[in-house]
Amino acid sequence: MEYNFRKIEADWQKYWAENQTFKAENNSTKPKYYVLDMFPYPSGAGLHVGHPLGYIASDIYARYKRHKGFNVLHPQGYDSFGLPAEQYAIQTGQHPAITTEENIKTYRKQLDQIGFSFDWSREVRTSDPNYYKWTQWIFIQLFNSWYNKTTDKAEDISTLIAIFSTEGNSEVKAACDDTIEKFSADDWKNFSEEKQQKILLQYRLTFLSETEVNWCPGLGTVLANDEIVNGVSERGGHQVVRKKMMQWSMRITAYAQRLLDGLAKIDWPQPLKDSQTYWIGKSEGAMVSFKVLSPALSEGKGARDSGYLTGNQDIAHVLLERAKEMRANPTQAEVFLWKQLKSKKLDIKFRQQHLIDDFIVDFVCLSKRLIIEVDGKIHESQIEKDFERTKILENKGYKVIRFTNEEVIGNIDKVVSKIIEELEKRPTLSEGKGTNENNEVLPLGKDLGWEIDVFTTRPDTIFGVSFMTLAPEHDLVPIITTPEQKAAVEVYIKSTAKRSELERMADVKTITGVFTGAYALHPFSGKKIPIWIGDYVLAGYGTGAVMAVPCGDQRDYDFAKHFDLEIPNIFEGVDISEGAYTDKENSVIANSDFLNGLPYKKAMKRIIHEIEQRGCGYGKVNYRLRDAVFSRQRYWGEPFPVYYKNGLPQMIDLKYLPIVLPEVEKYLPTEDGKPPLGNATVWAWDTEKSSVVSNQLIDHKTIFPLELNTMPGWAGSSSYFNRYMDPHNTEEFVSKEAVNYWQDVDLYIGGSEHATGHLLYSRFWQKFLFDKGIVPVDEYAKKLINQGMIMGTSAFVYRWEYGLQSDSINLARKPIYISKGLIEKAIKSGLMVSEISEALSKIYSDLIGYHKSLGESLAEWSHFNPIHADVSLVNSSDELDIEAFKNWRPEYNDAIFIGENGEVLPFGEDLGGDKYIVGREVEKMSKSKYNVVNPDQICEEYGADSLRMFEMFLGPLEQSKPWKTSGISGVLSFLKKLWKLYIVENKFSVSEENPSKEEFKILHKTIKKVEEDIDNFSFNTSVSTFMIAVNELTALKCNKRAILEPLAILLEPSAPHISEELWKNLGHTTSIATVDFPVFEPKYLVESVKEYPVSFNGKMRFKIELPLDLSVKEIEEAVMAHEKTQEQLQGRVPNKVIIVPGKIINIVG
RNA sequence: GCCUCGAUGGCGGAAUUGGUAGACGCGCUGGAUUCAAAAUCCAGUUUCUGCAAGGAAGUGCGGGUUCGAUUCCCGCUCGAGGUACCA
């Protein structure tokens, strides 16, 4: 009776499927246990042996828990939306759904033959409308929610509307867009519906906004930060550029603090927690505003010195009077235009007859720095002066556009559209503080009304500020730059814009920057602080500006040194001549007025208090985490349940969900640049009152455009684990009963590459769903394990490259491949080895003379080129199947091989026992390296149980380790040996005799160890334990039921097929799957004697067997009396004898 | 640069609280069985030294704590992964 794994495995896989052995019930008297795998993306390449590693580990654990009396949920599904299927569709026209369906079939077949205990009745696929209905549903829930910072949770948007209509928004603490204007309850009520919706959109947890995104032209879509590797797209390696686009975003930043806090209560790997913590990037500090000084005060250069205005009376006063007067007496054209500018149409604030610096302008939009002048008759004689005035204003960052009276009166629409066009081109700035509450211009000479806000984690070092640095893209740069510096600044900005992200990354050391000519006012010391621009300051982080403290920050220090700026020292007793002092915990502040003598923590407290007192800033926590962009310009993803009304997004009613992905003819963007969904003419959704046709929602005969973007890859995977609890529910995402029963995932196994993607987004969604009362816990996975990567062992053949390229000897030669041993020998000596020479002379006799004439030096006349050979062409002894290799690819058809012993292999009938041995190297398993090992082949050749045990046996689950198929034979022979224990005279038979003490001891030490190992996820050592047990039982010829029956149960989680078969043959009629795990009984392991190791000065020298009940004194006597002890001591008297009873004896001499 | 993890025979790895370093498996060597091969079984296999019994050294490198360190501490080297001027 042979161990016929092929038949056994096929039989049991069929049995499990037919009997739904692993179907989990949503109610049970047993305690629940939820074991989850990261569901796969079904790629066209199928599985290689690296993929199932984590699945095998989780399957062992799931099966183990079933034996331990748990109701186990162990589901599997497919993350089936994604780029490869879409790329394939673009190339071939095949619908991604078909490709995906085919790939899933392959995956399922491959998974099934490994014998997983998945509950397939709960399978989910993210691309299935019945599944993505709920992804769309969660999106709508997010849209209908805002984050209340007072209650610290997400709430329905209706609670926000209630607050707005009773008290306005000034007291609302919400996670929202920072730039929202303040309004009162009355304002709110008076706002148009449209305006109200616009405001609400800035508070919603998923919102539309113009964001700078990573645009990948090669893929025609935006990418998330974690989809970009080294500045290029993770998939395909295409170039990525920054681009502003209207995009859906998810307000994950609202949860930044809770995402950090939650890490403390989950058992996840520390490195993964660290990378999430770093990604969230919390830093505590303060926002500080620095006033920008007017050029008049800073450099003595300003408008007044330009000769345009003269006189030294109180200019401001005079000008203010004049402005008032002019406002009171407008021209007809001015009145006409003012009406337009004031109307809600432009939705932006303009001022009339306003004072800018020393000039009165007709109209100005301060937040856009746009001045509109209407030229009447009076100005006609002043063209030259106006030109000069425009120049000065433009130097201050204003754009001046002029219209004539005739233009304004004659074609006001054209004028307005020109203004709108200009407005759209200009960046929006917060209005300066150049005016007081009555909209009157403040006296000049104080400041320009501009402030530079900086975020700093070291406000305590504020007295060390000796300059400021702005990012080149900072909004204020064009405004504050002085005319003298304008050219230099422009050149600098151009040069930094040219430097790509990659270059900037590669070249961190080069310090570049330029002075703007402007100065800021130090809020405490009152000193003038020069304002610089430098590309070490990033526009995207904080405010895009820093207060530079060269004595406390190395980058500021380097910048100061490079441009010879002041480096004041504000640390007590610290030398900063060589570099900045960055040890904040141990710093004591000096030369800093009221902060003198204070250590870091006290100084921080004091300065933040002072900053807030003076109104020049406030304490602030800043996060590196950005809101997650949620739009993709793809076809193969979830459609948004969104249409647009007056340009504002509206959620499609829940009753119409799912919004099914429409058919398209082409999967590329449309000709006018819309996403692929723009190609859809018919949306598969039609009801009596509403229907979706031709990209439009028709509701009561009104036509609205639909959202044409689709959701990103992480949408479908962010809550799939909850859906497994209740996958067929058509009424709810998950029922209360189901989610209250299963609660959360007890064990989650998957790769660490998802640390800052899926594993962060899914925690965010879970917290949101928790806030909304949909799920009962706010962390979905109690324990997470990252399985390590399995590396491939690539095989190389060595092609002999002979002669120089120009050499005629190269021509008409067949490629020659030389075996690894000979290559190594040749490379080591640097000379031609005789085996190769002789072989070569057999092939091409003329070659020998050739290389001899060159003095036999290898390097001079040839070298060896390693070439990847497919690992399936190599056997377990690294021997190449020459015929198969030659047939593998056409270019190898006429190859010639020189074997390990120097024989020319294809010649003659007898190969003389020589072999071609390949070289080996461990690399990442990948198709392009021809080192992937297919699990199907392994199952066919060695069986699924062998594959399962071998994958575990390779090493610790979390480590990356190389795959070498040859090792699997050890596991197979173990299974054969195990099988034989149950066989007597070629028949299945066990003895009913009572086991001996020794046999019981083997069994129980195995139970103990295996239990410990599985509990610690140390599956590799549990395999060893089984091998030891089987070896020992074989040695005892043990054939007793009382030992072999529990052994089968112990082994079931790791090798389920053989265990089921043994169990059946032991006379059982039902599956072994839920049989109780054997109970460890310590009594079988009690010993009466111990073989003590005896060490001398810590080195073990010999062993001595002693009864365990001896006292320390008796042990010492016995050891000292031992002849070997005397031999070691050679008459010396030991200084000390250490005895740890039951453990060790150490004699110190 | 910073963060994290790691380094043990020819190879994968074991040693769970500081207590016999190298379990278990692969590979290799020798033997049995066989006409032969596969399969199977037995013995050996860290290094150096020795015919052997034995002896000595040894867990990336250099120090330290300890009766005793692969394990703990300090300082390095190398490798893998993450991150990238985060103010």
Side-chain angles (χ1 to χ4, degrees), chain A residues 2 230 269-275 277-279 281-283 285 454-458 461 469 501 504-509 511 534-538 540-549 552-556 558-559 622-624 752-753 755-756 786 788-789 791 793 876-878 920 922 949-950 953-956 958-971 973-974 976-977 980 1009 1012-1013 1015-1016 1018 1020-1028 1031 1034 1091-1103 1134-1140 1142-1149:
Chain A
E2 286 288 298
N230 294 331
Q270 196 55 43
L272 191 144
K273 287 187 182 183
D274 289 343
S275 81
T277 304
Y278 182 73
W279 192 259
K282 179 179 182 175
S283 47
V454 299
F455 174 74
T456 173
T457 53
R458 296 294 305 273
T461 63
T469 314
E501 282 287 309
R504 257 164 101 154
M505 268 198 276
D507 178 29
V508 173
K509 290 280 168 280
I511 295 164
D535 72 352
Y536 78 97
V537 177
L538 305 177
Y541 182 77
T543 61
V546 300
M547 56 175 229
V549 184
D553 183 287
Q554 193 56 45
R555 290 158 306 169
D556 296 343
D558 295 340
F559 195 84
N622 209 36
Y623 296 94
R624 198 180 81 112
S752 59
E753 66 272 20
T756 53
N786 291 130
M789 207 185 358
M791 313 281 282
T793 308
S876 60
S877 310
D878 292 353
R920 292 292 201 175
V922 172
M949 293 198 86
F950 183 55
F953 190 54
L954 282 176
E958 303 188 50
Q959 259 173 39
S960 82
K961 53 236 157 196
W963 176 276
K964 250 181 99 179
T965 304
S966 59
I968 201 170
S969 63
V971 179
S973 49
F974 154 76
K976 285 180 183 164
K977 235 167 155 179
K980 275 193 202 154
K1009 182 81 166 86
E1012 282 169 3
D1013 284 346
D1015 283 335
N1016 293 321
S1018 177
N1020 53 330
T1021 52
S1022 77
V1023 177
S1024 302
T1025 308
F1026 287 126
M1027 288 174 170
I1028 293 165
N1031 286 346
T1034 303
E1091 195 178 34
Y1092 279 96
V1094 182
S1095 306
F1096 291 81
N1097 295 322
K1099 281 268 164 207
M1100 205 279 288
R1101 292 305 176 208
F1102 65 92
K1103 289 171 189 173
N1135 289 338
K1136 212 171 173 185
V1137 179
I1138 310 265
I1139 291 165
V1140 184
K1143 280 237 159 123
I1144 198 169
I1145 297 159
N1146 190 14
I1147 297 168
V1148 187

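Labels below follow one simple rule: chain letters A, B, ... track the order of the sequence lines, proteins then strands, and each chain is numbered from 1. Quantities reported herein were computed from a predicted structural model and do not represent experimental measurements.
Taking atom P in both B:G54 and B:G62, one finds a spacing of 31 Å when rounded to whole Å. B:C11 and B:A23 have their P atoms separated by 15 Å, with the value rounded to a whole Å. Here, B:G30 and B:G9 have their P atoms 25 Å apart, quoted to the whole Å. B:U66 and B:G55 have their P atoms separated by 29 Å, given to the nearest Å. Nucleotides B:A21 and B:A57, compared at atom C1', are 13 Å apart to the nearest Å. For the P atom pair drawn from B:C85 and B:C2, the interatomic distance equals 15 Å after rounding to whole Å. To the nearest whole angstrom, the two C1' atoms, one in B:G22 and one in B:U47, are 13 Å apart. B:U71 and B:G64: their C1' atoms are spaced 15 Å apart (whole Å).
In summary, the side chains of A:Glu1012 and A:Asn1016 do not present any donor paired with an acceptor at a separation below 3.5 Å, with no hydrogens or angles considered. The closest side-chain donor-acceptor pair between A:Asp1013 and A:Thr1021 falls under 3.5 angstrom. Side-chain N/O atoms of A:Lys1136 and A:Asn1146 include no donor and acceptor closer than 3.5 Å. If you check the side chains of A:Asp558 and A:Tyr536, you find no donor sitting under 3.5 Å from an acceptor.
For B:C2, neither phosphate oxygen OP1 nor OP2 lies less than 4.0 angstrom from any side-chain nitrogen or oxygen of A:Arg555. At the phosphate of B:C3, neither OP1 nor OP2 sits under 4.0 Å from any side-chain N or O atom of A:Tyr278. Under 4.0 angstrom from either OP1 or OP2 of B:U83 there lies no side-chain N or O belonging to A:Ser275.
Going from atom CZ of A:Phe1026 over to atom C1' of B:G25 covers 15 Å, rounded to whole Å.
Mapping A:Leu272 and A:Phe455 onto RNA chain B by nearest heavy atom places A:Leu272 at the nucleotide closer to the 5' end. The 5' end of RNA chain B is approached more closely, in terms of each residue's nearest nucleotide, by A:Ser1018 than by the other of A:Ser1018 and A:Gly542.
Anti is the classification of B:G62, since its glycosidic angle lies more than 90° from 0.
Rounding to the nearest 0.5 Å places CE of A:Met1027 at 12.5 Å from OG1 of A:Thr1034.
When distances run from any side-chain atom of A:Phe953 to the nucleotides B:G12, B:A87, B:U16, the shortest one goes to B:G12. Checking B:U17, B:U83, B:A14 against the side-chain heavy atoms of A:Pro956 singles out B:A14 as nearest. When the nucleotides B:C26, B:U4, B:A14 are ranked by their closest atom to the side chain of A:Ser973, B:C26 comes out on top. Closest approach to the A:Pro271 side chain among B:C5, B:U16, B:G19 is made by B:C5 (side chain taken as heavy atoms from C-beta onward). Comparing B:U40, B:U16, B:C24 by their nearest atom to the side chain of A:Lys980 picks out B:U40. Of the candidate nucleotides B:G12, B:A87, B:G13, B:G13 has the atom nearest to the side chain of A:Gln959. Of the candidate nucleotides B:A39, B:G13, B:A84, B:A39 has the atom lying nearest to any side-chain atom of A:Lys976. Comparing atom distances between the A:Asn1020 side chain and each of B:A14, B:U16, B:U4 picks out B:A14 as nearest. Considering only the side chain of A:Ile1028, B:A23 comes nearest among B:A23, B:G25, B:A87. Listed nucleotides: B:U17, B:U83, B:C41. Nearest to the side chain of A:Trp279: B:U83.
Base pairing in RNA chain B yields stems of at least 3 consecutive Watson-Crick or G-U pairs, both distances under 3.5 Å, namely B:1-7 with B:77-83, B:10-12 with B:24-26, B:27-32 with B:40-45, B:46-49 with B:54-57, B:60-64 with B:72-76.
Under 3.5 Å, the side chain of A:Lys273 and the base of B:U4 form no donor-acceptor pair of N or O atoms.
At the heavy-atom level, A:Thr1021 lies under 4.0 Å from the strands shown only through sugar-phosphate atoms. Using a 4.0 Å heavy-atom cutoff across all strands shown, A:Asp274 reaches sugar-phosphate atoms only and no base atom. Heavy atoms of A:Val1148 sit under 4.0 angstrom from primed sugar atoms or phosphate atoms, though from no base atom. Nucleic acid contact for A:Pro269: none, since no nucleic acid atom lies under 4.0 Å from a heavy atom of the residue. A:Asn1031 comes within contact range of the sugar-phosphate backbone alone, with a heavy-atom separation under 4.0 Å but no base atom that close.
Remark: A:Gln270 CD is packed, more than 12 non-hydrogen atoms of other residues, nucleotides or ligands lying under 6.0 Å away.
Taking the ring centroids of A:Tyr623 and A:Trp279, they lie at or beyond the 6.0 Å cut-off.
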